[in-house]
Each structure stands twice: as C-alpha cells, then as structure tokens.
Number of protein chains: 2
Amino acid sequence: MLKIAMAQMEVIPGHPDENTATILRLIDAAKKQAADIVIFPEMAVPGYLLGDTWEQSSFIRDCESYGRDIIAAAQGITVMFGNIAADWNKKNNDGRVRKYNACFIAQDGALVQPDGSPYPFVIKTLLPNYREFDDTRHFFSLQKLARELGTTPAQLLAPLTLTIKGQDYSVGCLLCEDGWSDDYEVSPVDILRQSGPVDFYVNISASPYTLGKNNKRNRVFGREARDAHVPLFYVNCIGLQNNGKTVYTFDGSSTAYDAAGRVVVSAPEFKEDLAFVELDQMASLPDVTPPEEPDIAHIYRALHYGVGHFLANIHMQKVVIGISGGIDSAVAAALYNKVLGPENLLLVNMPSVFNSATTKGLSQQLAENLGCNYMVVPIQESVDHTLDQLEHTQMTLLRDGGTQHLAVSSFVAENIQARDRSARVLAGAAAAFGGGFTCNANKAETTVGYSTLYGDQSGFLAALADLWKHQVYALAHYLNDTVYGREVIPQGIIDIVPSAELSAAQNVDEGKGDPIKYPYHDYLFRAFIERWQKATPEDLLTWYREDTVEQNLGCAPGLVAQYFPTAADFIADLERWWNLFTGMAIAKRIQTPPILAVSRRAYGFDHREAQNGPYYTRHYRELKAQLLAR
Amino acid sequence: MLKIAMAQMEVIPGHPDENTATILRLIDAAKKQAADIVIFPEMAVPGYLLGDTWEQSSFIRDCESYGRDIIAAAQGITVMFGNIAADWNKKNNDGRVRKYNACFIAQDGALVQPDGSPYPFVIKTLLPNYREFDDTRHFFSLQKLARELGTTPAQLLAPLTLTIKGQDYSVGCLLCEDGWSDDYEVSPVDILRQSGPVDFYVNISASPYTLGKNNKRNRVFGREARDAHVPLFYVNCIGLQNNGKTVYTFDGSSTAYDAAGRVVVSAPEFKEDLAFVELDQMASLPDVTPPEEPDIAHIYRALHYGVGHFLANIHMQKVVIGISGGIDSAVAAALYNKVLGPENLLLVNMPSVFNSATTKGLSQQLAENLGCNYMVVPIQESVDHTLDQLEHTQMTLLRDGGTQHLAVSSFVAENIQARDRSARVLAGAAAAFGGGFTCNANKAETTVGYSTLYGDQSGFLAALADLWKHQVYALAHYLNDTVYGREVIPQGIIDIVPSAELSAAQNVDEGKGDPIKYPYHDYLFRAFIERWQKATPEDLLTWYREDTVEQNLGCAPGLVAQYFPTAADFIADLERWWNLFTGMAIAKRIQTPPILAVSRRAYGFDHREAQNGPYYTRHYRELKAQLLAR
C-alpha cells in the first residue's frame, strides 16, 4: 500500500524562496493525506528558464540552502524534488562551477543515495539543446560525467532503492528529456529497465506548453510504462517562464500511467494540484485521458493564463490597446478584457484622414460591447505637424554651407502615422493610465515584418504573435461563441478586409487591404519557421515543379494556380517574402516585444536568427532558371 | 622546403557563394606565389554565426556543393578549409541531420582522409557553449562521435599525414576551441602530441574580437607550440557576424608561432591578408609580437570596422544622429562621420524648453567641427500638443458611461519628450534622408535602463552600448587627439555634467545631471555583467563588510566612503540599481537595437537573461540585517 502524491505546483523562476515555501506547504498537505511519497517538478526550487543567472555563484548557494530546508522537512514522508546541484570541486566546460540538473530524494531529513551514483542525487542524462532549451550551456550531463569518470551512463544510472514502511521499492527516476530519447545515443528509460526490476518510473519535468505536445507525450510515456509493465508518474510544473524574447506557459497536465500505459490520473491544465494515487490500485482505475478539444480551446487557455501571469509578474494592472477596427486589435481587446476586467482596460482609436467611418464605427462598437474605457485621439494634426517640420526645416551641410530640405514620400508618411499612434499616443496614454500598451501583431506579420518599428510593432507584450492569421480568426469566433457567449467582436470586424489604412491605397470600403494573402501565405510562412526541416525557396520550387506546394504546406488545394498564373508570378511572390523574412523582418524582430509562445516554434529565443541578409542556394537559382525558361 | 600560405579572409555569414569566390581567388594567389599549402579559417564557406539557418537542409547541401568546387580547385596545392560537414545517414540530438564543424584537406582534387577518422575531414572536438557561442546546438562533437562509436577521442584524432613534393608531413589539425582546452576533460593538442611526432599544428578559427583576447591567445598558443617543439599556424577570419541582438567583429590577427612559441608572423587586424611562411626558416625569423597599444586604440579600430561593415551589410549609406550636446551622441557623431563622410551624416538637435543654451551651442559647434549636415527641430510644440491631447481627451468607461481625463505626471512628460525626439523626429528624418538613426546608449545606461523605450533606447544599431562611460570619454579624447588630430568634440562637451535635460531638475548650468555616479557605478555594473563569476548584492555586502569593495570592483579607492556615508546609504544605492538591472532594464534590453560587442561580455545574445524580477538571496538578507543593526 504505497500512496503517492503528485505535486503539480507553480514554479516562479529565479525565486527559490517562494518556491520553497510552496514546496513546504505541499509536503505538509501530502502528509495530512497520509501520502508516502510526494513528487515535485524538475527545477522546482530555482525555476528553469533563468538565462545566465546560473552564472551567479551566490544564487546557486542560495538554491542549495533552500534545498536543505526541504530535505529537513522530509519527516514521515519521502520527498522527491528537482533542484540545481553543484559540485564546488569541479568545473563546467565554461570554467564555472560544475552544475547538474538533479532530482533529490529525501527521507528522514537526509538524502537517499541512488545506487551507482557518485552523488546523493539523480543527474539528468539528456540535456535538450534546441528550440528555447539551453541545458548544455549551464548543466553537466550524466553522459559527460560518465566520460569524465571513464565509465558509462549505464553504470551511473541504476534505479533508486526506497525503503518505505519496511518494504523496498525500486524507482526509475527520470528528468524530463530523459523520457524523450528517440534522437539520442542512449535511452535512460531503457537503461533503468535493463538494470533490474523497477517498481515504477518517476519523470519530473519542466515542460512548456506547446500545442499538441500532450497527445504526443501520452503516446511516448504510455509506451514507456507499457514496455516496462510498471506505472509511470509524470509531474510537471505550472507557471510562466521566459527567456527574455519568448515567454512560455507551463501547463502542468501531470499524469499517472498504469502498467498498461493507460492514463489513470490527469491533473488539470494550468492549476496547482496535489493528486494522490495508490500504487497497487492503479490497474483498477478508469482511463481518464482528457477529451479531445479543438486546438483553439487549448490556445485560448494558454493565452489567457500567459497574459494574466505575465501582467502579474511585471506588476501591471492596467492596459491600453490601440484599436483600429481590424481583427487583431479586436481579439487582443477581448482577451485582455477577460483577463483584467473592463475597468482596467483602455481602448484608444486613433483615426487619421485615411481611416474609414466603417472602421471607426466598428471600434466604437467593440468598446461598447466590452464596456471598457474608451477614447478617441485623432492623429492628423500631429502627423501634419511632423510632416511640416521635416519638410520645412532647413538642413545645412556645414562643410560648404549648402542648404536643402528633406522630402517625405508617401511610404515614409505611412510609417510616421504608425509611430505617431504607438510611440506618441499609446505610450503616453499607457503611462498616464498607469500601465502598458500591447503589441497586437500576428505571426504572419511578424514573419515578414509587415509592421512599423516603434509603431504597431511596439508594446510590452506581443500576445498574438505566435498565432497565424487564421488562428486569430478562430480565436475571434471562440471568444464570441464560447468565452463570452455573445458577439463582443462585431461581425463587421470579422468580415472586413484586413488593412492598415495608412494610405488611400488601403481603403477598406473599396476592399483594398494587406498585401498578404493569408489563406496561402499563413502556410508558406509556417513552412519557413515551424517545419522541423525548415523549408526554403529551394524546397518551394522543388514542390512547385512537382505540383505539391499546397500538399506540403498544408493549405487549401488550388491556391497556387488561383494566385499565381505563371511560374514567374509564383517566384516573384516567393522572393518578395523570403527577402523580407530573412531581411528587414529580422531587424524588426530584434526589437520586437516579448512573444507569448503557443506553437512548436515561436519567434525570439526559440528561433535564433542573425541579420545576414537573404540568400538563395545554387540549386534554387538553377531551378528558377529552368522554370522561367519553360 | 614547405611554403605555407595563411589566408586571412573576410567571411560573409550565410553566403557560401561569395565566400567560395574569395577562397578560389586566394587559392589562385597562393599558387602564383608557389605556396605548397594554403590554410583558410574555420567555417570559411558558410560563416559561423548563422542562428538557426543550420536547420535548413538546402543550405547545408549548398555548402557541400561549394565545398566540392574548392576541393576540385586543389590542384598543385594543398587546401585546408573550414566548412560544415553533414552525415545524411545520422542524426543530431535534435532529430535533424548530423552536422560537424569540420576542417577539410584537399590535394589533387580529392580529400585527404585523416588517420583514424571515419570521415574524410577533421571534426571539431571542443564545442564552445558559453557567451555568444551555440556550437552544441548545431554541431556534433568528436567527443560525442567517439561515445557513439564506443571509442575515445584519442582513437579518432590522429595527426593528418600530408605528402607534399614526395615528403610526408604530420599535421596536427585543430579547430578554434580545440586550442583552448583548459576547462575541458580532453585536450586535442595533447592528444595529437601524444599520438606521434607532429611536424606542425594548424588551428583554423572563427574567433571574434574581444578586448585583450589576442594577448591571452599568444600566451596559450605560444605555449602549445613550445610544449610540442613545433610551429603552430593560427588562421582566423575577418568580417562581421551577428546573432541578431549582438554584433561581433572578427579581427583576423592570424599568427604563426615557431617551435619556440615565438610570434614570427602576425597578420594585420581587420584586413584581408595572404601571409607566406617557409616552414624550415621560421626559427630564423624575428619576433614580431605586435606592439602594446592602449585599449582605446583597439576599441576604436573594432568600432570603426564594425560600424562600417554593419552599414554595408544592411545597405545603409546615410545616418541620422540626434545630438544633445552630451558626450555619448558627440562620440557617436565623430565615429560615424569618420565611417561615412560628412555628406552622409545628418545631425539633428531637438531642443525643448529644458535644453540649455549651453548644450544647444555645443551641439552646433560639434556639427560645425565635423562639417556634416545639421538641422534643428524643436519638439516643444509637438510635446505640448501631445500633453494637451492626453489630458483633454475624454475617456469614457462604457460600462456605466462614467467619464474622466488622464493626468500626465512630470515623469511621464519626460518620456514623452524622449519618444518625440526619436520615434517622431529622428525616425521620420532618417527615412526621409534615406537611412537610419543611431542609438547612442552606453553600457552603464544599458545596464540599468536609464533610457526611454522608443526614445533614446531606439535606433538601428547601438554602437557604444558595450562601452562604459569612462571608455566613452577615453574614446572622445582618442577621436580628438589621434583620429582627427584636432578638437572635433568640443572640450565643453567633455567637461559638462552628463544630463538628460528632460526636466528643470536636470539643469546642466546648475551642475545637475544623471543619477549615475560613473566613477563608481561603471565598475559596480561591470561586476554584475562582465566578471566571469558574476557579482550579486550578496557579494557586494560581503566585500563591504571586508572593506574590499573598490579593490574587488577595480574602481578608485575611497569612493565608497565618499559616496555612501553609512551602510544604509550603500545598501539603498545597491538595491536601487540591482532592482533596475534585473527588472525594468531587462524589459528595455529585450527591445534594444543590436549591440556592437567589444568587451568580454556584451548585452544581448552574449548575456542571456529572463524577465524574472529582482531577487535577493537569503544570505544577502542576513548580511543586510547585520550591517543595518551595527
């Protein structure tokens, strides 16, 4: 009769004091329910995404000190928890103190030494070093340690023997990536299984939310339990962690798998939870695999949680949103309104001569539907003043005294409007209102830099910048239909052609708008960034020649022929956007606000990029010449 | 008689076509001079800092294709060059194709297979994974390969046997970090030396400029040559590479060490160079260790090269700089003027009611000294209009129809001025002038976010943001005394108190200015970011208690007592800046322009950080309580 408590807690990155308080509280709660073991997530003490805070020795010592508090509290219960482990006598490859990403197991106020390990803790074997993960930058893996000691991971990684109520249990202890070994030379799960009989696996994780990840995890972890014929307990944290440019939600979703690999306990997403399981009763529990939901329901939950926590982290209670009558700002407004309440939200419409009565009316309607604060701040007078100053101030070349005046093109004037709205009106209004203003860019715009720096590209957070335009529309419907249960985003905003309304050429009433053809470009851009094998123009021309573009991109069939009558048209469009994606858009993304990640590849720290200018491979140029010669 | 050519070339990151053209041209030049071997830098074909471009399979294939051109050109000469090497049958740990950072050696149009290697190229053994380096994210090391093959690095890393003019040479081939093994478990240099007699070492590198690095390299590499009693050829690239947020110059400085470890050939900094060395005559060459120069001379050279190349890379020929009459913008103006010429530089002074006649006069004087374009664009009318709009536009809470008005505090009004200057005037003027505008922030301001987002924090490049304030002053003197040989930066600008002049409290004529006490804070902030063992408030209080603060920081003695009469004063100052450094300043740095790196730790990709809020360790709080209780 072994009772296990899975402690799905919020981990606050970089605040071991607060995390330790949570851990001690949950140890207490688990003891009150007579649990024998309580399991906390990976890096529950320090947090996981800390940037280079790992280089502060005093911070590492602080985490060790709080770790001792937790070990001391392990009285009458076995406590498993993730923390940083330092070996002050050894070095990492950067010359700093040796650090391991470790799982500590404490009983009777002392640590249990795992069999075979040179340390009184279990060391993470597989260190992820892709997407946002920088584990190898900071931590020393069990593989490296084995090499240093002249042995193998298998020799260092035996199951842990826990004696509880007079009975021995053999526990296979894994840390997060250790359970995802498909692309590694070694599999900790296999090593543990082969090194002797295991009674159950524990996987402590700090695993960020990514759309679709949990289905895959249930397949992989369920298989690991089934292959070994033993239960597996996956304990993940909740909370919000960031790497500066990219912000991740951690969804929890802690799960217990029985020996057949079935999901028998599933903790809620994004909520603290202390779930209890009796080890020998798991086979009789019903399967509780969470029901399938549409993607947009998951995305909304992650966005709502992420925005709320981000605001709390930076102590921001009030938000200003510039609304244009378009879909992106409307969705942002409805989302923030739900997070903050209407009294803490200020919507600002900032018309110029190019803004239609249609969009001005839709903006007003949106604000009325939400019941929040609203103001209209026209920008024409300010823009005219700027144009006048720039064009009529004398510029003197002092070397020879020659004078001239600057000329402002219509393109330059468009950007002047965008900056006037954001850097002048919204930034000032937000500071006066006592909060920040949002960036409402979507992922398609962000991909190609269809935005103005210090204009609509600015803000304290880009909450929608990991959503393609079609996902923004899906979110609009979900907000109306499910979240609010009424039409808060006016149908007119959903129906209108997307447009920046910065010139007469972008007149919405004439159906003129963005140059991005979202039904196709959403998917083209997605292939540039989200495909594991990233697509480039060479791949696109290969597919074009094979007539498999839509199939490879996942967009509606027939779009290529519809949009691009000739190969030359297809190529011109491809090069236009590739030049932007790998050119000016990178310059803009370098200065973009933090992006809230929901996809399997978000901009920022998740997708690292250099301002190196567009490039076309030799084979691309050959394919292009062939296609144009046809 | 072996004649070796060291080909110090500019590597253009992400453009294998251009790099291959350079390589083929230099092979030709080396053959004309009857060289037997020509050596190119690490990653000479693809470039080194490419972000996640390494994930594009078509790019990897393209590099392989250009590599074949180079191999084919190795006729009558042995060519050693760095390129990416793929094994399409194996995987990296991220599931993508296996990639090695490799050195290829070609003779008679074919590759020479190194002894013991499973591949026809030498694989980099040590992959740096600190500062800006992400090698482990993309490349598979020789160490991992050895583990995968069940062998040791020593078995895979034997010297290369080259047959030239009928004679065999044993070459120890190293890639960059392989020569810097102090903190690693294995030393490729030692392995090569121990595996048999080596005739000479080659180290191909892609090593960014860092102040002081070359002195250290001469010590380390000279020792490696001396220990083995053989010459060592270090071939580094020149050029500019970036990781988005941080921009690095590559200084070349390729060096030949003789068997005694003396520097006998030293290629110039930042210039293409094809240097020839006769192997058996090296001992008779004179020592050519470059003469010691002041740090600021090196820094100026790196900045001048870096700014010039950055502008060329983004195809920008014209630049606008907002000048305030302060030191930072004046130094930026003198630097850009030297890079671009006065006709391509526009200085803009943007006075408000708070700007003194003193600084307005100094701005005019600076522009006259440089002879560049100049204009004065007052901002008061625009700022007043913004204040009026914000304060007099009615804000309605639509839920209940309640109305109110925003109130603009003097602090908010300060930021409105800063944004008016940058996002309204400079951004508009730059676009109309046909260029970009600069960010003139120094490293002290950048550390604590003493700047306005979308105001003085904005621009296309922050060229001075890796220089402490005292280095900015040193650069001002160097520009006047050495670069221009006349007082282009007026002495008044050097003498005036640093001030933002955004309110009456910052009146320069009354000696009022910045809250940063640069003689102390420059060094305090440097300890936060540049020390290898990063300092935190806990370290500062420890030093304060020991009375070793100045000694540990490296600032002038006596400053602590002078600035902070009591422990409470010292602590209040420390917490004020630590709260900013780890708080609001991170939010600002996330949106800051690219920073040109010169120090051993620059902001951006070099120093990764998360927006997690300030933290004080338990021991800090104990020390603080003790000090305050005295």
Side-chain angles (χ1 to χ4, degrees), chain A residues 13-14 49-52 55-58 62 91 93-95 129-130 136-137 148 183-185 242-244 342 367-368 371 373-375 377 386 389-390 393 395-399 406 408 412 416 419 423-424 428 431-432 454 458 533-534 536 538 590-591 607-612 615 617-618, chain B residues 13-14 49-52 55-58 62 91 93-95 129-130 136-137 148 183-185 242-245 342 367-368 371 373-375 377 386 389-390 393 395-399 406 408 412 416 419 423-424 428 431-432 454 458 533-534 536 538 590-591 607-612 615 617:
Chain A
L49 303 183
L50 307 185
D52 290 343
E55 296 178 8
Q56 298 170 359
S57 295
S58 66
D62 195 57
K91 283 184 173 178
N93 291 151
D94 62 1
N129 192 199
Y130 51 79
T136 56
R137 181 177 175 93
E148 183 185 58
D183 294 318
Y184 293 87
E185 311 88 84
N242 73 90
N243 263 316
E368 283 173 5
N373 295 287
Y374 187 60
M375 62 197 276
V377 182
T386 300
Q389 272 198 311
L390 291 177
T393 301
M395 178 172 84
T396 309
L397 181 59
L398 292 169
R399 192 177 54 182
L406 294 173
V408 179
V412 170
I416 286 173
R419 287 189 298 267
R424 189 180 70 85
Y454 322 130
S458 57
Q533 307 298 339
K534 286 194 172 152
T536 67
E538 179 180 317
I590 290 170
Q591 300 194 43
H607 168 78
R608 304 185 189 174
E609 49 192 354
Q611 210 172 340
N612 288 341
Y615 180 71
T617 61
R618 177 146 62 179
Chain B
L49 304 183
L50 306 186
D52 291 343
E55 297 178 7
Q56 298 170 0
S57 295
S58 65
D62 195 55
K91 282 184 175 180
N93 291 152
D94 62 2
N129 193 201
Y130 51 81
T136 55
R137 181 177 175 91
E148 185 186 56
D183 294 319
Y184 291 87
E185 310 89 83
N242 73 89
N243 263 316
K245 205 68 167 184
E368 284 173 5
N373 295 288
Y374 187 59
M375 61 196 278
V377 181
T386 300
Q389 271 198 311
L390 291 177
T393 301
M395 178 172 84
T396 310
L397 182 57
L398 292 169
R399 191 177 54 183
L406 295 172
V408 178
V412 170
I416 286 173
R419 286 190 297 267
R424 189 180 70 86
Y454 322 130
S458 57
Q533 306 298 338
K534 286 195 171 152
T536 67
E538 179 180 317
I590 290 170
Q591 300 194 41
H607 168 77
R608 304 184 190 176
E609 48 192 355
Q611 210 173 341
N612 288 340
Y615 180 72
T617 62

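Without hydrogens or angle criteria, B/Lys245 side chain to B/Ile590 main chain gives a donor-acceptor distance under 3.5 Å. At least one donor-acceptor pair closer than 3.5 Å links the side chain of B/Asn93 to the backbone N or O of A/Asp183.
Considering only heavy-atom pairs separated by less than 4.5 Å from chain B, the leading option among A/Gln389, A/Gln533, A/Glu368, A/His607 is A/Gln389. With respect to chain B, the highest number of heavy-atom pairs below 4.5 Å among A/Thr386, A/Ile416, A/Asn243 belongs to A/Thr386. Chosen from A/Ala431, A/Ala367, A/Gly244, the residue pairing most often with chain B at heavy-atom distances under 4.5 Å is A/Gly244. Chain A forms the most heavy-atom pairs under 4.5 Å with one residue out of B/Glu148, B/Lys91, B/Glu55, and that residue is B/Glu55. When A/Gly14, A/Pro342, A/Ser58 are compared by the number of non-hydrogen pairs under 4.5 Å with chain B, A/Ser58 comes out ahead. Ranked by non-hydrogen atom pairs under 4.5 Å with chain A, the options B/Gly371, B/Gly51, B/Gly95 are led by B/Gly371. Ranked by heavy-atom pairs under 4.5 Å with chain B, the list A/Gln591, A/Arg424, A/Arg399, A/Lys534 is led by A/Gln591.
With sequence neighbours excluded, the residues satisfying side-chain hydrogen bond (donor to acceptor under 3.5 Å, both in side chains) with A/Arg608 are A/Asp134, B/Asp134.
Residues B/Thr136 and A/Asn129 approach most closely at OG1-OD1, 2.7 Å, considering heavy atoms. Pairing each heavy atom of A/Thr617 with each of A/Glu538, the nearest pair is OG1-OE1, 2.5 Å.
Comment: A/Asp94 does not engage A/Arg137 in a salt bridge, judged by the lack of any side-chain N to carboxylate O separation of less than 4.0 angstrom.
Contacts of A/Glu609 with chain B are made by backbone atoms alone, with heavy-atom separations under 4.5 Å and no side-chain atom involved. In this structure, chain B has heavy atoms under 4.5 Å from both the backbone and the side chain of A/Asn242. Heavy atoms closer than 4.5 Å to chain B are found in both the backbone and the side chain of A/Leu50.
A/Leu49 has its side chain out of reach of A/Pro13: every pair of non-hydrogen atoms, C-beta onward, lies at least 4.5 Å apart.
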